[in-house]
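First up is the structure itself, then whatever we jot down about it.
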Amino acid sequence: MGAIANINVDHLIGQEVGTSTILKELARGGMAIVFIAYQRTLKRQIALKILPKKLLTPKTAKRFQSEAESAAILSHPNIIPVYDVGETDDFLYFTMQLVQGKSLGRMVDMARKNLLPSRRTIPIEEAVRITIKVLDALHYAHGQDIVHRDIKPDNILLEKHTQRPLISDFGVAK
C-alpha cells in the first residue's frame with residue numbers, strides 16, 4: 001500500500017463532497033481510499049473513492065480517471081455502477097454503489113480457516129454460479145472494448161443477502 005497507508009484522513013469525516021457527506025473510512029487500496037458516504041439528494045449510502053492529490057502523478061491521475069470512466073460506461077448487473085466523478089482542492093474522487101457484503105477473497109479465506117475440513121472450500125455449485133456471473137460481466141465489458149486486467153477474488157464483491165457477485169476496481173482497465 002505504500003504511501004496511502006500513511007495518509008491521515010480523519011479530518012474528511014463529515015466533509016461534503018459533491019452531493020454526499022463522508023461518514024467513515026471503509027478500505028484502502030494501492031492508490032486510493034474508499035469511504036462510506038451519504039448521498040443527500042437520493043438519501044442513500046454510497047461508496048466514495050478518493051485519490052489524494054499529494055499522491056498525484058500524471059500516471060495515477062490517468063489511471064484513476066480511467067477506472068471511473070471504464071466502470072461508468074458499463075451497465076451490467078455484475079459490475080459496480082459509478083454514479084459521479086469530481087475533484088476537490090485535496091483529492092480526485094468518484095462515487096459508486098456501496099456493496100453490503102464481503103469480497104470473494106474474504107469468503108475464500110474464511111472457508112480455508114473453517115474448523116471442519118469438509119467446509120474449507122467453497123461448494124462447487126456456488127463456485128460455478130459465481131464464475132458464470134463474473135465471466136458474463138467480463139464478456140460484456142470486453143464487448144465494450146474494456147479489459148479489466150486485475151480480476152482476482154478481492155475485486156469481486158458478494159452482496160450480503162443475495163450473494164450476487166459484483167466486479168469492482170477497474171483501476172488497471174484498458
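Every value quoted in this text rests on a predicted model; they were computed, and no experiment measured them.
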Any donor-acceptor N or O pair under 3.5 Å, side chains E69, S66 = no
Quick one: do V128 and I130 end up in the same hydrophobic cluster if we chain Ile, Leu, Val, Met, Phe, Trp and Tyr together by side-chain heavy atoms under 4.5 Å apart?
-> no
Quick one: list whatever passes side chain to side chain contact (heavy atoms under 4.5 Å, CB included) with I73, sequence neighbours left out.
-> I146
Between atom CD of Q97 and atom CG of L157, what is the distance when rounded to the nearest 0.5 Å?
-> 9.5 Å
Which pair of non-hydrogen atoms, one from I4 and one from P52, has the smallest distance, and what is that distance?
-> CD1-CD, 4.0 Å
Could you name each residue pair satisfying salt bridge (Lys or Arg N to Asp or Glu O under 4.0 Å) that touches residues 85-94, not counting sequence neighbours?
-> K53-E87
Salt bridge (Lys or Arg N to Asp or Glu O under 4.0 Å): which pairs involve residues 3-27, sequence neighbours left out?
-> E16-R40, E25-R28
Check for a donor-acceptor pair, side chain of Y140 on one end and backbone N or O of S75 on the other, with a separation under 3.5 Å.
-> yes
Option among V134, N78, D150 that satisfies the side-chain contact (heavy atoms from CB on, under 4.5 Å) test with I167 = V134
Applying side chain to side chain donor-acceptor pair (under 3.5 Å), name anything that partners R44, two or more places apart in sequence or on another chain.
-> Q39
According to a 4.5 Å side-chain heavy-atom criterion applied to Ile, Leu, Val, Met, Phe, Trp and Tyr, with indirect links allowed, do I46 and I36 form part of one hydrophobic cluster?
-> no
For P77, does its backbone N or O pair with a side-chain atom of R164 as donor and acceptor, under 3.5 Å?
-> yes
Hey, what do you get for CZ (F94) to CD1 (I50), rounding to the nearest 0.5 Å?
-> 11.5 Å
Quick one: does S70's side chain get under 4.5 Å of H148's, heavy atoms only?
-> no
So, D169 and K49, do they make that salt bridge, N to O below 4.0 Å?
-> yes
Close side-chain approach of L48 and V34, heavy atoms under 4.5 Å | no
Determine whether I151 and L138 make a side-chain contact, defined as any pair of heavy atoms from C-beta on separated by less than 4.5 Å.
-> yes
Looking only at heavy atoms, which two atoms of S103 and P153 are closest? And how far apart?
-> CB-O, 3.9 Å
Mind running side-chain contact (heavy atoms from CB on, under 4.5 Å) on T95 and V82 for me, showing each step along the way?
-> CA-CA 6 Å; T95 63; V82 168; 5.8 Å; no
Hey, any chance V85 and Y83 share a hydrophobic cluster, counting ILVMFWY side chains that come within less than 4.5 Å of each other, even indirectly?
-> no
Heavy atoms of I122 and A127 approach each other most closely as CG2-N, 3.9 Å
With sequence neighbours left out, the residues meeting salt bridge (Lys or Arg N to Asp or Glu O under 4.0 Å) with R120 are none
Measure the CZ-CG distance between F91 and L51 for me, rounded to the nearest 0.5 Å.
-> 10.5 Å
Heavy-atom count around H139 NE2 within 6.0 Å, excluding the residue itself: above 12?
-> no
Could you grab the distance from atom CD1 of I79 to atom NZ of K133, nearest 0.5 Å is fine?
-> 13.0 Å
Assess whether side-chain contact (heavy atoms from CB on, under 4.5 Å) is satisfied between K102 and M110, documenting all intermediate values.
-> CA-CA 11 Å; K102 60 183 172 256; M110 289 170 61; 3.9 Å; yes
Is the CG atom of L115 crowded by more than 12 outside heavy atoms at less than 6.0 Å?
-> no
Side chain to side chain contact (heavy atoms under 4.5 Å, CB included) against A61, all qualifying residues, sequence neighbours excluded = L56, L92
Looking at CG of L104 and CG of D154, how far apart are the two atoms once the value is rounded to the nearest 0.5 Å?
-> 8.5 Å
Counting heavy atoms not belonging to I124, are there more than 12 under 6.0 Å from its CD1?
-> no
Pair V17-T88, side-chain contact (heavy atoms from CB on, under 4.5 Å): steps then yes or no | CA-CA 8 Å; V17 178; T88 71; 4.2 Å; yes
Okay, side chain of R119, backbone of K113: is any donor-acceptor separation there less than 3.5 Å?
-> no
Main-chain N/O of N155 paired with S168 side-chain donor or acceptor, under 3.5 Å = yes
Test side-chain contact (heavy atoms from CB on, under 4.5 Å) on F35 and L23 and set out the steps.
-> CA-CA 7 Å; F35 294 90; L23 300 178; over 6 Å; no
Are I156 and I132 grouped together when hydrophobic residues (ILVMFWY) are joined by side-chain heavy atoms under 4.5 angstrom apart?
-> no
When the ring centroid of F64 is compared with that of Y93, is the distance short of 6.0 Å?
-> no
Shortest non-hydrogen contact from V147 to H142?
-> CA-CD2, 4.0 Å
What's the spacing between Q45 CD and T21 OG1 if we round to 0.5 Å?
-> 11.5 Å
